[in-house]
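Structure first, commentary second.
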Protein chains: 2
Amino acid sequence: MNKQKAQPLIDYINKYVLLTPEEENILLSFIRFRRYLKGQYIVQQGDVCKHECFVLSGCTKTFYLDEEGQEHIIMFSIEDWWASDMGSFITQTPADFNIQCLEHTELVMFSYDTIEDLYAKIPKLERFFRQIIEKAFVASQKRIVRNFSLTAKDQYLYFKEQYPEIEQRIPQYMVASYLGITKEFLSKIKSQLALE
Amino acid sequence: MNKQKAQPLIDYINKYVLLTPEEENILLSFIRFRRYLKGQYIVQQGDVCKHECFVLSGCTKTFYLDEEGQEHIIMFSIEDWWASDMGSFITQTPADFNIQCLEHTELVMFSYDTIEDLYAKIPKLERFFRQIIEKAFVASQKRIVRNFSLTAKDQYLYFKEQYPEIEQRIPQYMVASYLGITKEFLSKIKSQLALE
DNA sequence: AATTATAATTAAACTAGTTTAATATAATTT
DNA sequence: AAATTATATTAAACTAGTTTAATTATAATT
């Protein structure tokens, strides 16, 4: 893959481990660039997730459809975040989640078929992925805590504060889905906040 | 540390990566055995978590006290599970969680001060920890999904099915806390289930 | 500019789960 | 065995958030 396009990924990795120029080149030979249009799916529930994707530009939502066909958004990914169904990726079993682009989106893809080979050639990346997954796990646990201990209003305020960029880019009903509340109730919360 | 006592940990690690006898010995020199009594704390909210603990026997609860002093249990750990506040451990900042023993508990401890050294001596362990944290992250995400899409009754049934051993070993009000509901409501759910 | 589709607001009726408080049942301690 | 402490049950009043449905605003399309 083209080095210039991959620069945000290389910068991101170098925050965790230092790659030599040689290693950067090996990395480039292992990754693929891909562009998706707004609305397109990167992964569909039921498919096996073959890639871990690093978002260069654009925005995706990762969501789950329950038995009643209700959509539950579990995360948004923008620039410098990851998009994949990790459960499906690591076990190569059907995905629980859909990942769909909310904007035109440019990605770097790591393929399941070559990632072991990549770890063998650049063992440092094993360390890198360990570290980012540790962080993701911690964030996920903290979200469970918030779900338990905050009211819907406080969860919304936390979201606004933590991800102001994301709130600007997506419709409000998706924020509600991410928070696990109805769009009507989020609307009510916002109108109450406006009066304070 | 004594090899015989560490055997469950070695067996557990060998499910992910194969350690040579030499590596097993290095590992043993890096880990510590410790016994806690029922009621003792392994980590307290506000302290920095210095160890990642592998449970050899016994049972712990990891919980969070909110502003009103309410306890929210986020996980239980029994034999062959881990107990630590990973957020605190990886950043060496004050812990959000308490970890307390619900039974007399025997642990193997990995210390923050030597874990980098251990990774350097046995790079395979970086891979091992990456893999187990991937699994923990996936489990955490799935729990968020369940919180969103299942009723309290269905979450309880899921818990019963997934962790029948744990349900036998802990009081019911702790199950309720883990599920994020009140003990009174869990009691109601159980009496409804008894009628079905 | 008019039309259609998408997103957001409002409000009333409803329900899953909470709160409070009293009672019952185990389990421990003396 | 009696007394104390911890755990579990039950029920009534309550509330945070849902459902349904109608209305308005915004954006996209012709």
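Protein chains get the first letters and strands the later ones, always in sequence-line order, with residue 1 at the start of each.
- Each of B:Glu184 and B:Lys38 was assigned the nucleotide of DNA chain C with the nearest heavy atom; the assignment lying further toward the 5' end belongs to B:Glu184.
- Summarising the geometry, the separation between CG on A:Leu179 and P on D:dA16 is reported as 17 Å, rounded to the nearest angstrom.
- Here D:dT9 is the nucleotide among D:dT9, C:dA8, D:dT18 with the atom lying nearest to any side-chain atom of B:Ser187.
- When rounded to the nearest whole Å, the span between CG of B:Leu186 and C1' of D:dT10 equals 14 Å.
- The nucleotide D:dT30 finds its pairing partner in C:dA1, both defining distances of the Watson-Crick or G-U wobble pair being shorter than 3.5 Å.
- Counting only heavy atoms from C-beta outward, the side chains of B:Phe137 and A:Met86 approach each other to under 4.5 Å.
- A straight line from CZ of B:Phe148 to C1' of D:dT18 spans 15 Å, rounded to a whole angstrom.
- Taking 4.0 Å as the cut-off between side-chain N and carboxylate O, B:Glu103 and B:Lys38 do not count as a salt-bridged pair.
- Positionally, the nearest nucleotide of DNA chain D for B:Met174 lies more toward the 5' end than for the other of A:Leu150 and B:Met174.
- Atom CD of B:Gln192 and atom P of D:dA8 are 18 Å apart (whole Å).
- For B:Tyr173, the listed nucleotide lying nearest its side chain is D:dT7; candidates were D:dT9, D:dT7, D:dG17.
- The listed nucleotides are D:dG17, C:dA7, C:dT18; the one nearest the side chain of B:Thr182 is C:dT18.
- There is no side-chain donor-acceptor pair under 3.5 Å between A:Tyr12 and A:Trp81.
- For the residue pair A:Asn98/A:Gln44, the side-chain donor-acceptor check at 3.5 Å is not satisfied.
- At the phosphate of D:dT10, OP1 or OP2 sits under 4.0 Å from a side-chain N or O atom of B:Ser191.
- Closest to the side chain of B:Phe185, out of C:dT18, D:dT7, D:dT20, is C:dT18.
- In this structure, B:Thr20 contributes its side chain and B:Glu23 its backbone to a donor-acceptor pair below 3.5 Å.
- Counting to the nearest Å, the P atom of C:dT15 and the CD1 atom of A:Ile181 are 21 Å from each other.
- Straight-line distance from the CG atom of A:Leu195 to the C1' atom of C:dT10: 13 Å, rounded to whole Å.
- Put simply, NZ on B:Lys188 is 9 Å from C1' on C:dA16, counting in whole angstrom units.
- Taking atom CD1 on B:Ile189 and atom P on C:dA16, their separation rounds to 11 Å, with Å as the unit.
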